Amino acid sequence: MYGLVDCNNFYVSCERVFQPRLDNRPVVVLSNNDGNVVSRSAEAKQLGIPMGAPFFEVRELLRHHQGHALSSNYALYGDMSRRVMARLAAHAPAVEVYSIDEAFLDLHGLTTYCGTLDTRVQAIRRDVLACTGIPTCVGVAPTKTLAKVANRLAKKHPELQGVLRLDTASRRERALRALPVADVWGIGYQYAGKLATHGIRTAWELSQVSEAWARKHLGGVVGWRLVQELLGQPCQDLNPSEDGTLARKSISCSRSFGQRLTAFDDLWGAMATYLSRAAEKLRAQGDQAHILTVYLSQDRYDTRVPPPYTRSTTLTLPGGPTSDTLQLLAYARRMLERLYEPGRVYVKAGVVLDGLERPGRGQQLSLFAPASSTATNPLSDVRAQQLMRSLDALNRQFGRGTVRPAATVTAAGQSAPWQGKAQHKSQAFTTRLEDLLVVG
DNA sequence: TCTGGGGTCCTAGGACCC
DNA sequence: TCTGGGGTCCTAGGACCC
């Protein structure tokens, strides 16, 4: 049996833990740049504010109902997530951290020593709420996809008290008949439309299609696995997360700029900033990357700009895998020079690190790179690693960006031209000493 | 005026290798 | 010059998720 634990309105719930004035009011959390709504309180959902709505479209509605809009505070949410996951790990034999606010639990054997599955799962919810202040719902089922179904219904129907278990054929059928097909995990905007034209409206109807049909219309083997999982046939195993964090297979960093940019130096400043951040994440995960992608985007809402809006270039690093910010910057600079076209107006840039591997294991050595090259010379490698370790340590102690590449630094007192907006941000209640909540 | 960011998996074609 | 299967890597694109 799998359990899927999903935090309710996670970002809003995190904010409410430290700001009780937000209780019982419509509250939304906004994406980077204060662009879109990414988390909504129950009250905000009741106002009809959809997920992903552009902020400017709902600002007035929210104001009219004495609501609050907050800029996203990822330092807070990330820390709260770690706390929740730590509680889950204390209860279940194995946990797969699936996203910042969701985890699959291995529930095997959980009933043998302490009550029924339902009472055990309720105890987990109570513990998470007591220790972190975050409310959750749990779906319990023999496959991950059915656990998602159960979770969805548990959220929709408060009378279920946060838990739904789908472990018999009749319970499964009832649940699938009650769930619109668009709410099934793996059915997005495109597939939902296609299914509708074939008269398939519920999860139950989807579960009854043939293998050939699923393969033809729902992306091949992926679609067929989805159908089998709805039927209770597991196709996806639990991938337990080490130490409560999820190791990524790629790491990216991208931002929309606060203003439109055309100058190469500004774009390079932004790119260098994002790459530095991505490399930090890479080192924090203990990996090196051997594929680097950089991209620039123009405004996709500007009808005068013909597609493609995004142009990218990818490089397999000739010097082999690295986590050295300075080495990555040297590659990225040349890639940006190739990508950049004077006269174009850019609104966003980003970098992706791929081909991640742990250093020192099963690594392909370059046959042809000269021994003196900075990329392969072991001595300079060691020194580069020492430099990065010192840089990370300083930034951990004194705050992100205390020590950083010169390309990302702007004149004293001036904010970077690529800097986005974040006008409604809460404090780093749990991760910065100055922001600790003072009660009294 | 304002419309996000960070991920995963799969497919398909071409180059190249044995 | 033509024959054939099996494999990897790369690139691009499409769909999905939170």
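Quick caveat, the model's predicted, so the values are computed rather than measured. Just so it is clear: chains get the letters A, B, ... in the order the sequence lines come, proteins before strands, and each one is counted from 1.
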Counterpart residues, salt bridge (Lys or Arg N to Asp or Glu O under 4.0 Å), relative to [X] (two or more places apart):
| X | answer |
| --- | --- |
| A:R177 | A:E173 |
| A:K156 | A:D183 |
| A:R334 | none |

Does the [X] side chain pair with the main chain of [Y], one donor and one acceptor, at a distance under 3.5 Å?
| X | Y | value |
| --- | --- | --- |
| A:Q208 | A:E205 | no |
| A:D435 | A:A428 | yes |
| A:D302 | A:R304 | yes |

Would you jot down, in residue-number order, the residues of residues 58-75 of chain A having a non-hydrogen atom under 4.0 Å from DNA chain C?
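None, since no heavy atom is under 4.0 Å.
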
Which one, [options], comes nearest to the side chain of [X]?
| X | options | answer |
| --- | --- | --- |
| A:N36 | B:dT3, B:dG6, C:dC17 | B:dT3 |
| A:S31 | B:dG6, B:dG4, C:dC10 | B:dG4 |
| A:S250 | C:dC18, B:dG4, B:dG7 | B:dG7 |
| A:F56 | B:dG6, B:dC2, B:dG7 | B:dC2 |

If we take the C1' atom in both B:dC16 and C:dG4, what is their distance in whole Å?
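About 16 Å, rounded to a whole number of Å.
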
Between A:F55 and A:S254, which is nearer to the 5' end of DNA chain B once each is assigned its nearest nucleotide?
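First, find each residue's nearest nucleotide; the 5'-ward one identifies A:F55.
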
OP1 or OP2 of [N] less than 4.0 angstrom from a side-chain nitrogen or oxygen of [X], does that happen here?
| X | N | result |
| --- | --- | --- |
| A:S256 | B:dG5 | yes |
| A:K148 | C:dC18 | yes |
| A:T314 | C:dC10 | no |
| A:T316 | C:dC10 | yes |

Which of residues 219-234 of chain A sit near DNA chain B, with a heavy atom under 4.0 Å from it?
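Of all residues in residues 219-234 of chain A, the ones placing a heavy atom under 4.0 Å from DNA chain B are A:V221, A:V222, A:R225.
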
Quickly, which of A:L231, A:L166, A:L146, A:V181 forms a side-chain contact (heavy atoms from CB on, under 4.5 Å) with A:L176? Name it, please.
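Of the listed residues A:L231, A:L166, A:L146, A:V181, the side-chain contact (heavy atoms from CB on, under 4.5 Å) partner of A:L176 is A:L146.
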
Determine, step by step, whether A:K148 and A:E102 satisfy the salt bridge (Lys or Arg N to Asp or Glu O under 4.0 Å) criterion, reporting the C-alpha distance in whole Å, the side-chain angles of both residues, the deciding distance to 0.1 Å, and the verdict.
CA-CA 10 Å; A:K148 293 281 281 188; A:E102 274 178 69; 2.7 Å; yes

Less than 5.5 Å between centroids and less than 30° between ring planes, does A:Y301 satisfy that with B:dT3?
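Yes, the aromatic ring of A:Y301 stacks with the base.
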
Rounding to an integer number of Å, can you tell me how far [X] [atom1] sits from [N] [atom2]?
| X | N | atom1 | atom2 | answer |
| --- | --- | --- | --- | --- |
| A:Y295 | B:dG7 | OH | C1' | 11 Å |
| A:D101 | C:dC18 | CG | C1' | 7 Å |
| A:D6 | C:dC17 | CG | P | 14 Å |
| A:D302 | B:dC2 | CG | C1' | 14 Å |
| A:L315 | C:dT11 | CG | P | 9 Å |

Return all side-chain donor-acceptor pairs below 3.5 angstrom for residues 42-49 of chain A, not counting sequence neighbours, or 'none' if the list is empty.
unit_1 : atom_1 : unit_2 : atom_2 : d
A:E43  : OE1    : A:R16  : NH2    : 3.1
A:E43  : OE1    : A:S41  : OG     : 2.9
A:K45  : NZ     : A:N9   : OD1    : 2.8

Could you work out, with ring pair (Phe, Tyr, Trp, His ring centres under 6.0 Å) as the rule, every residue matching A:Y11, not counting sequence neighbours?
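Partners of A:Y11 under the ring pair (Phe, Tyr, Trp, His ring centres under 6.0 Å) test: A:Y74, A:Y77.
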
Using the salt bridge (Lys or Arg N to Asp or Glu O under 4.0 Å) rule, collect all pairs that involve residues 81-97 of chain A, keeping only residues at least two apart or in two chains.
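Listed once each, the pairs are A:D79-A:R82, A:D79-A:R83, A:R87-A:D127, A:E96-A:K144.
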
Residue pairs passing the salt bridge (Lys or Arg N to Asp or Glu O under 4.0 Å) test where at least one lies in residues 213-226 of chain A, sequence neighbours excluded:
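Non-adjacent pairs meeting salt bridge (Lys or Arg N to Asp or Glu O under 4.0 Å): A:E211-A:R215.
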
Once the angle between the rings of A:Y346 and A:Y340 is folded into 0 to 90°, is it parallel (under 30°), tilted (30 to 60°) or perpendicular (over 60°)?
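Tilted: the ring planes of A:Y346 and A:Y340 meet at 30° to 60°.
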
Show me the side-chain donor-acceptor pairs of residues 250-275 of chain A shorter than 3.5 Å, one per line, residues at least two apart or across chains.
unit_1 : atom_1 : unit_2 : atom_2 : d
A:S254 : OG     : A:Y295 : OH     : 3.4
A:R260 : NH2    : A:D299 : OD2    : 3.0
A:T273 : OG1    : A:G269 : O      : 2.7

Check DNA chain C for consecutive Watson-Crick or G-U pairs with both distances under 3.5 Å and list the runs of at least three as stems.
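When the pairs of DNA chain C are grouped into runs of at least three, the stems are B:5-18 with C:5-18.
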
Show me the protein contacts with nucleotides 13-16 of chain C, counting only N or O atoms at under 3.5 Å.
unit_1 : atom_1 : unit_2 : atom_2 : d
C:dC16 : OP1    : A:G188 : N      : 3.1
C:dC16 : OP1    : A:G188 : O      : 3.4
C:dC16 : OP1    : A:Q190 : N      : 3.4
C:dC16 : OP1    : A:Y191 : N      : 2.7
C:dC16 : OP2    : A:Q190 : N      : 3.3
C:dC16 : O3'    : A:G186 : O      : 3.4

